There are 2 protein chains.
Amino acid sequence: MNYSRQRELILETLKEYAIHPNAEELYIKVHEKDKNISKGTLYRNLNRLAKEGIIKKIDGLDSSSHFDHNIHEHYHLICTKCNRIFDIEKETTQIPQLNIENDFKVLSYDIIFKGICKECSNK
Amino acid sequence: MNYSRQRELILETLKEYAIHPNAEELYIKVHEKDKNISKGTLYRNLNRLAKEGIIKKIDGLDSSSHFDHNIHEHYHLICTKCNRIFDIEKETTQIPQLNIENDFKVLSYDIIFKGICKECSNK
DNA sequence: ACCAAAAGTAGTAATAATTCCTATTTTTAT
DNA sequence: ATAAAAATAGGAATTATTACTACTTTTGGT
């Protein structure tokens with residue numbers, strides 16, 4: 001993977017997010033910094049970075065993919081009321097143990113919990 | 001949820017699949033049985049059925065959602081080479097234990113493993 | 001069985017999300 | 001300095017999904 005200024009900018013901008021933006025949301029911020037950056041470049045790099053394990057791709061919230069710069073191992077909670085993604089620490093979850101290593105080489109995994117967050121429950 | 005012939009047909013057709021089709025793939029089969037069924041109806045019902053826990057929505061393979069009629073608890077393996085979804089039984093995985101029940105009411109969860117399947121490894 | 005309200009649908013339009021394409025630019029290794 | 005490889009910009013094209021509206025079906029009460 002050769003260096004590219006654009007990829008650096010994309011990664012750097014993603015890191016400024018506390019939430020987990022999708023490509024469109026991220027594009028707005030990236031575009032503020034570099035008017036010439038293209039959507040193709042954004043998508044290409046987000047997918048590349050995710051494949052390399054430098055960022056995480058989160059699916060399941062809506063029809064778009066969301067991205068997480070946090071590579072420290074953790075899982076995700078999706079509130080189906082307010083449509084927000086919350087992080088959940090590994091420590092509160094038992095690590096899945098697979099007996100399938102011979103059949104499938106696991107490179108990454110995510111656990112996505114769906115439900116209602118505290119805030120929405122109290123409404 | 002009122003009865004609808006179309007929803008029955010969609011569910012019945014999904015159950016004929018061993019693999020995990022996306023809406024488009026399913027539409028082809030459903031459309032063979034009922035020429036008048038619309039995409040809107042398909043999407044509406046797939047999402048409804050998934051929300052009710054009657055079927056499972058699987059995200060993460062590509063930009064489309066895939067669906068699984070198998071409600072028996074299990075997780076998923078996605079091969080990033082051949083782009084196929086494999087089922088993995090609960091028995092081979094420790095059930096995630098959450099300490100967050102007070103903060104988040106979990107309604108469902110899925111574990112998505114990504115990696116290379118045996119077949120693709122042997123190539 | 002009849003009927004009104006509620007729920008659901010068909011068909012199509014619109015939007016959103018993502019990928020593809022090509023000429024140009026940048027990076028990298030020599 | 002330079003050529004090959006990798007990456008980008010910009011826009012077109014495609015794919016996936018949702019929205020809209022008039023019409024049809026379901027349901028529960030009579």
Side-chain angles (χ1 to χ4, degrees), chain A residues 1-14 17 19-52 54-68 78 80-81 83 85 114, chain B residues 1-14 17 19-52 54-68 78 80-81 83 85 114:
Chain A
M1 183 154 63
N2 284 352
Y3 169 84
S4 101
R5 184 183 55 76
Q6 290 85 341
R7 187 183 307 120
E8 286 302 302
L9 182 65
I10 288 165
L11 183 56
E12 179 191 290
T13 307
L14 180 61
Y17 273 91
I19 60 152
H20 310 81
N22 63 13
E24 187 58 36
E25 289 164 335
L26 190 56
Y27 180 73
I28 293 165
K29 279 227 176 182
V30 168
H31 189 252
E32 284 174 10
K33 300 178 181 176
D34 179 348
K35 300 289 181 206
N36 292 326
I37 213 154
S38 71
K39 286 251 174 95
T41 297
L42 180 64
Y43 275 98
R44 187 168 6 85
N45 280 302
L46 286 173
N47 286 325
R48 184 79 93 80
L49 290 167
K51 196 157 204 170
E52 299 289 331
I54 296 162
I55 65 173
K56 250 188 175 180
K57 192 174 192 171
I58 308 167
D59 292 298
L61 173 59
D62 51 33
S63 56
S64 70
S65 290
H66 289 249
F67 297 89
D68 189 351
I78 291 179
T80 54
K81 290 249 178 176
N83 272 28
I85 301 173
K114 289 190 183 177
Chain B
M1 181 153 65
N2 284 352
Y3 169 85
S4 100
R5 184 182 56 75
Q6 290 86 340
R7 187 183 305 121
E8 286 302 302
L9 182 65
I10 289 165
L11 183 55
E12 180 191 290
T13 307
L14 180 60
Y17 273 91
I19 59 152
H20 309 80
N22 64 14
E24 188 58 34
E25 290 164 333
L26 190 56
Y27 179 74
I28 292 165
K29 279 228 175 181
V30 168
H31 189 251
E32 284 174 11
K33 300 179 182 177
D34 179 348
K35 302 288 182 207
N36 291 326
I37 214 155
S38 71
K39 286 253 175 95
T41 296
L42 180 64
Y43 275 98
R44 187 167 4 86
N45 280 302
L46 285 173
N47 285 325
R48 184 79 91 82
L49 289 166
K51 196 157 204 169
E52 299 289 330
I54 296 162
I55 65 174
K56 250 187 176 181
K57 193 174 194 172
I58 308 167
D59 292 297
L61 174 60
D62 51 32
S63 57
S64 68
S65 290
H66 290 249
F67 297 90
D68 188 352
I78 291 178
T80 54
K81 289 248 178 177
N83 270 29
I85 301 172
K114 290 191 182 176

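The sequence lines fix the lettering, A, B, ..., with proteins before strands; numbering per chain opens at 1. This is a predicted model, so every value here is computed, not measured.
Along DNA chain C, the nucleotide closest to B:Asn45 and the one closest to A:Thr41 are compared, and the more 5′ of them pairs with B:Asn45.
Between the CD atom of A:Glu24 and the P atom of D:dT18 there is a distance of 16 Å, rounded to whole Å. Rounded to a whole Å, the CG atom of B:Asp59 is 13 Å from the P atom of D:dA16. Regarding B:Lys51, its NZ atom lies at a distance of 11 Å from the P atom of D:dT18, rounded to whole Å. For the pair A:Asp34 CG and D:dA9 P, the computed distance is 6 Å after rounding to whole Å. When the P atom of D:dA6 is taken as reference, atom CG of A:Leu49 falls 17 Å away, rounded to whole Å. We find that CD1 of A:Ile37 is positioned 13 Å from C1' of D:dG10, with the value rounded to whole Å. As rounded to whole Å, 13 Å separates atom C1' of D:dT15 from atom CD1 of B:Ile28.
Residues B:Phe67 and B:Lys56 are not in side-chain contact: their nearest non-hydrogen atoms beyond the backbone lie 4.5 Å or more apart. In this structure, the side chains of A:Asp34 and A:Arg5 come closer than 4.5 Å at one or more pairs of heavy atoms. Using a 4.5 Å heavy-atom threshold, the side chains of B:Leu26 and B:Thr13 count as touching.
Closest heavy-atom contact between A:Asn22 and A:Ser64: ND2-OG, 3.1 Å.
Judged by distance alone, with hydrogens and angles left aside, the side-chain atoms of A:Lys114 form a donor-acceptor pair with the main-chain N or O of A:Gly60 at under 3.5 Å. Of the possible donor and acceptor atoms, one in the side chain of A:Arg7 sits under 3.5 Å from a partner among the backbone N and O of A:Asn2. Between the side chain of B:His66 and the backbone N or O of B:His20 there is at least one donor-acceptor pair closer than 3.5 Å.
Residue A:Asp62 is classed as having no contact, given no heavy-atom separation below 4.0 Å to the nucleic acid.
Between the OG atom of A:Ser38 and the NE2 atom of A:His31 there is a distance of 10.0 Å, given to the nearest 0.5 Å.
Distances shorter than 4.0 Å separate none of the side-chain N or O atoms of B:Asn22 from OP1 or OP2 on D:dT17. OP1 or OP2 of D:dA9 has at least one side-chain nitrogen or oxygen of A:Ser38 nearer than 4.0 Å.
The C1' atoms of five pairs define one axis at each end of the helix from C:dA1-D:dT30 to C:dT30-D:dA1, and these two axes lie 50° apart (to 10°).
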Before you tell me yes or no, could you show the steps for A:Leu14 and A:Leu49 under side chain to side chain contact (heavy atoms under 4.5 Å, CB included), namely the whole-Å CA-CA distance, both residues' side-chain angles and the distance that decides it to 0.1 Å?
CA-CA 11 Å; A:Leu14 180 61; A:Leu49 290 167; over 6 Å; no
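Evaluated for a side-chain contact (heavy atoms from CB on, under 4.5 Å) with B:Gln6, the options B:Asn36, B:Thr41, B:Val30 yield exactly one hit, B:Thr41. In summary, of the residues considered (B:Asp68, B:Ile10, B:Leu11), a side-chain contact (heavy atoms from CB on, under 4.5 Å) with B:Ile55 occurs for B:Leu11 alone.
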Taking only N/O atoms, report every protein-nucleotides 23-27 of chain D pair under 3.5 Å with atom names and distance.
unit_1	atom_1	unit_2	atom_2	d
D:dT27	OP1	B:Tyr3	N	3.2

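Bounding nucleotides for the chain B contact on DNA chain C, 5' to 3', at a heavy-atom distance below 4.0 Å, are C:dA7 to C:dT18.
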